[in-house]
There are 2 protein chains.
Amino acid sequence: MKRVTLLDVAKHAGVSRATASLVVRDSPLVGAATRAKVEAAMAELGYVYNLGAARMRAARSRTVGVIIPNLTNPFFAVLLAGIESILETAGLAVILANSNENAAKQDGFVNRMREHGVDGLIVCPAEGTERRFVDDAGKWGVPLVQTLRMVPETASDYAGMDPTPGMREAVDCLVGFGHRRIGYVATDTHHSARTERLESFHAAMNAANLAPLFVRPLESTHMSARMAAPELMSRPARPTAIICHNDVLGLGLHRGLCDLGVMPGRDVSLVGFDNVAEADLVMPGLASVATEPFVVGENAARLLLRRMDAPDGQIASSIEETYFVQRGSCGPVRMAAGTVPA
Amino acid sequence: MKRVTLLDVAKHAGVSRATASLVVRDSPLVGAATRAKVEAAMAELGYVYNLGAARMRAARSRTVGVIIPNLTNPFFAVLLAGIESILETAGLAVILANSNENAAKQDGFVNRMREHGVDGLIVCPAEGTERRFVDDAGKWGVPLVQTLRMVPETASDYAGMDPTPGMREAVDCLVGFGHRRIGYVATDTHHSARTERLESFHAAMNAANLAPLFVRPLESTHMSARMAAPELMSRPARPTAIICHNDVLGLGLHRGLCDLGVMPGRDVSLVGFDNVAEADLVMPGLASVATEPFVVGENAARLLLRRMDAPDGQIASSIEETYFVQRGSCGPVRMAAGTVPA
DNA sequence: GTAATCATTTAGATCGATCTAAACGCACAG
DNA sequence: CTGTGCGTTTAGATCGATCTAAATGATTAC
């Protein structure tokens with residue numbers, strides 16, 4: 001029992017192989033009667049289209065490579081879900097790879113994907129990705145969309161978000177509550193998203209005529225933030241409010257503060273970033289700057305589709321706005337409980 | 001500027017196309033000197049292997065299809081990460097699809113993956129998947145591994161976990177704390193994982209000579225569990241402990257109880273399932289039955305590799321144990337605060 | 001010196017689709 | 001009746017690898 005090929009279908013339907021090929025490709029050239037005959041034959045024989053063979057002759061493989069730095073972070077998982085939903089609708093299969101923030105591994109994946117003949121690439125670049133990475137894709141003629149992070153000094157389509165408005169609202173809210181000693185907890189990995197958020201923090205502080213109390217880099221895990229809480233709170237100039245680069249850090253710190261008996265929103269105000277589902281579950285709720293990773297993913301996929309359509313079109317980008325979601329973890333500054341006077 | 005083919009490489013290295021082909025496939029038949037020459041030529045010309053062409057002649061496509069019911073659930077995302085890590089090491093690319101718990105969509109994906117000529121399939125079957133689904137895969141000769149869920153009355157390799165020991169420990173812990181009125185919150189989707197956990201709950205209760213106080217199905221979201229808290233606590237026979245089918249429900253309920261001023265671990269004991277990272281962040285920590293989705297994913301991938309190696313080998317399965325992680329959300333039963341005497 | 005063995009290498013057919021360019025059938029104008 | 005145009009269909013070459021089976025050359029055996 002051999003594989004059913006297009007030739008078998010053609011014979012069974014009494015047409016030529018070429019005609020059968022036109023039918024599977026939904027060509028308008030073929031007559032309605034013939035199409036019906038061929039489709040019947042396909043159903044009867046249980047024909048399965050062979051994309052591998054197709055891709056050899058045609059250029060397209062109906063396949064897109066997606067490289068994500070860390071699948072276990074729900075934020076990226078949701079981004080991926082957004083990407084997948086759009087590509088799926090467009091009839092494109094997603095070839096997935098997890099770079100684990102490893103640029104070398106990422107290079108390997110791109111090679112593998114070239115071997116697979118992907119029609120395009122969506123990448124959230126791992127830390128330390130070099131310019132060459134993006135340039136090469138251009139040289140090879142593989143449409144590339146960067147998402148959430150952008151390799152410095154590179155030009156490609158980009159789907160991301162703008163932390164500025166949300167950060168501004170967050171700082172304004174804190175300032176409105178009387179906070180003046182505001183610290184920032186960053187990640188210890190360096191990429192454009194880190195820079196972007198940190199810069200928007202500086203800008204917002206500037207606009208409020210304040211200087212950041214500190215910028216503290218931490219490994220982006222719940223545990224490291226939780227462990228860092230005592231150190232952050234025992235500084236000589238104790239912060240009255242802290243903004244975190246993401247909710248992983250925000251939630252970890254939330255718990256770390258609770259461990260110390262320091263109540264977020266009462267004893268110190270706390271703001272996260274990403275507004276993950278869990279931010280609304282802790283007590284008090286973690287205020288957070290909201291972004292929609294699913295939508296960013298959709299945008300990235302749409303940019304890629306456009307690029308595949310017009311490889312030489314103008315470079316485009318799509319930036320999602322952010323906004324501040326206030327919850328119990330932000331409250332008025334308290335002079336009383338053990339705080340150092342301003 | 002045309003694509004570099006194996007023939008170009010062969011010419012450049014002064015060997016035949018066949019020899020070059022042997023080199024790219026790491027065949028032991030080729031001499032060391034020749035191999036070096038060819039590899040140099042490949043590097044020099046910037047040759048990229050064309051998997052599409054290869055797969056046409058050979059059987060393999062170095063590609064595996066993975067279908068997950070819901071990417072936005074971190075539990076599945078981690079499962080996927082585990083699968084990816086093993087397949088990646090084996091040099092297999094992952095073609096990803098998100099069924100969204102939709103069996104019809106899932107059928108579509110399998111077709112698409114057949115078109116792509118995947119060498120195997122790892123599926124966590126969507127709710128309502130029919131027997132036919134698994135049988136078809138067998139008929140088509142596509143190696144299939146089911147994971148976390150198993151379509152009833154089907155035979156295939158399977159990587160899952162056994163809730164029994166963890167559930168037993170959880171119930172024993174609660175009973176040890178004096179609890180006798182124990183309720184269970186299930187999902188409203190029906191699949192083998194739901195049944196398995198519910199049955200292990202019944203078994204554990206039975207072993208403790210207790211009857212379940214109630215079994216309440218809920219949509220598997222934080223919000224639905226949070227909203228259900230008042231109803232659960234205002235029942236005529238008020239539970240002193242509740243076990244939840246997963247941590248999404250557990251965390252949602254945790255928050256819902258806090259909203260009511262009912263303190264988990266003091267006023268009511270609460271147990272979740274999956275032990276997601278966030279279970280340790282809420283206050284008090286959510287006790288949970290732990291499973292390692294990453295490991296289950298790895299197991300699934302390894303089973304598939306074995307199956308691809310030996311298509312006619314014995315059907316195998318790999319079951320991860322579970323264990324109970326006690327945290328603040330479980331504590332001694334309190335007769336005082338508004339509880340109905342046993 | 002010839003034959004047999006072994007490790008390498010190769011020519012040519014082949015996988016299953018798509019492409020190109022030409023052919024076909026039919027209608028209609030001249 | 002021939003020629004032109006249009007919508008449909010087709011033969012045959014082609015994509016880039018792998019397979020089979022045979023050829024090659026070096027080494028050892030007799």
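Note on naming: letters A, B, ... go to the chains in the order of the sequence lines (proteins, then strands), and numbering restarts at 1 for each one.
At a threshold of 4.0 Å, the pair A/Lys139-A/Asp136 counts as salt-bridged, since one of the basic side-chain nitrogens sits closer than that to a carboxylate oxygen. Between A/Arg132 and A/Asp107 there is a salt bridge, with a side-chain nitrogen of the basic residue lying less than 4.0 Å from a carboxylate oxygen of the acidic one. Taking a cutoff of 4.0 Å between a charged side-chain nitrogen and a carboxylate oxygen, A/Arg62 and B/Glu115 do not qualify as a salt bridge.
The CD1 atom of A/Ile122 lies 4.5 Å from the CD1 atom of A/Ile83; values are rounded to the nearest 0.5 Å.
If you check residues 9-17 of chain A against DNA chain C, the residues with a heavy atom closer than 4.0 Å are A/Arg17, listed by number.
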Quiz item: When you look at A/Glu88 and B/Asn98, which way does the side-chain contact (heavy atoms from CB on, under 4.5 Å) test go after all the steps?
Solution: CA-CA 9 Å; A/Glu88 183 257 307; B/Asn98 185 350; over 6 Å; no

Practice problem: Could you walk me through whether B/Val24 and B/Met42 pass side-chain contact (heavy atoms from CB on, under 4.5 Å), step by step? | Solution: CA-CA 9 Å; B/Val24 296; B/Met42 280 170 38; 3.8 Å; yes

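Mapping A/Pro28 and A/Arg57 onto DNA chain D via the closest heavy atom, the residue that lands nearer the 5' end is A/Pro28. Sequence order on DNA chain C of the closest nucleotides to B/Ala32 and B/Met56 puts B/Ala32 first from the 5' end.
If you check every strand for non-hydrogen atoms under 4.0 Å, B/Thr5 touches sugar and phosphate atoms only. Backbone-only engagement by B/Ala54 is indicated by non-hydrogen atom pairs under 4.0 Å involving sugar-phosphate atoms exclusively.
Looking at A/Thr154 and A/Gln146, their side chains do bring a donor and an acceptor atom within 3.5 Å of each other.
Between chain B and DNA chain C, the heavy-atom contact criterion of under 4.0 Å yields a 5' to 3' nucleotide range of C/dT8 to C/dG16.
Applying the side chain to side chain donor-acceptor pair (under 3.5 Å) definition to pairs two or more places apart or across chains, those involving residues 70-83 of chain B are B/Asn70-B/Thr72.
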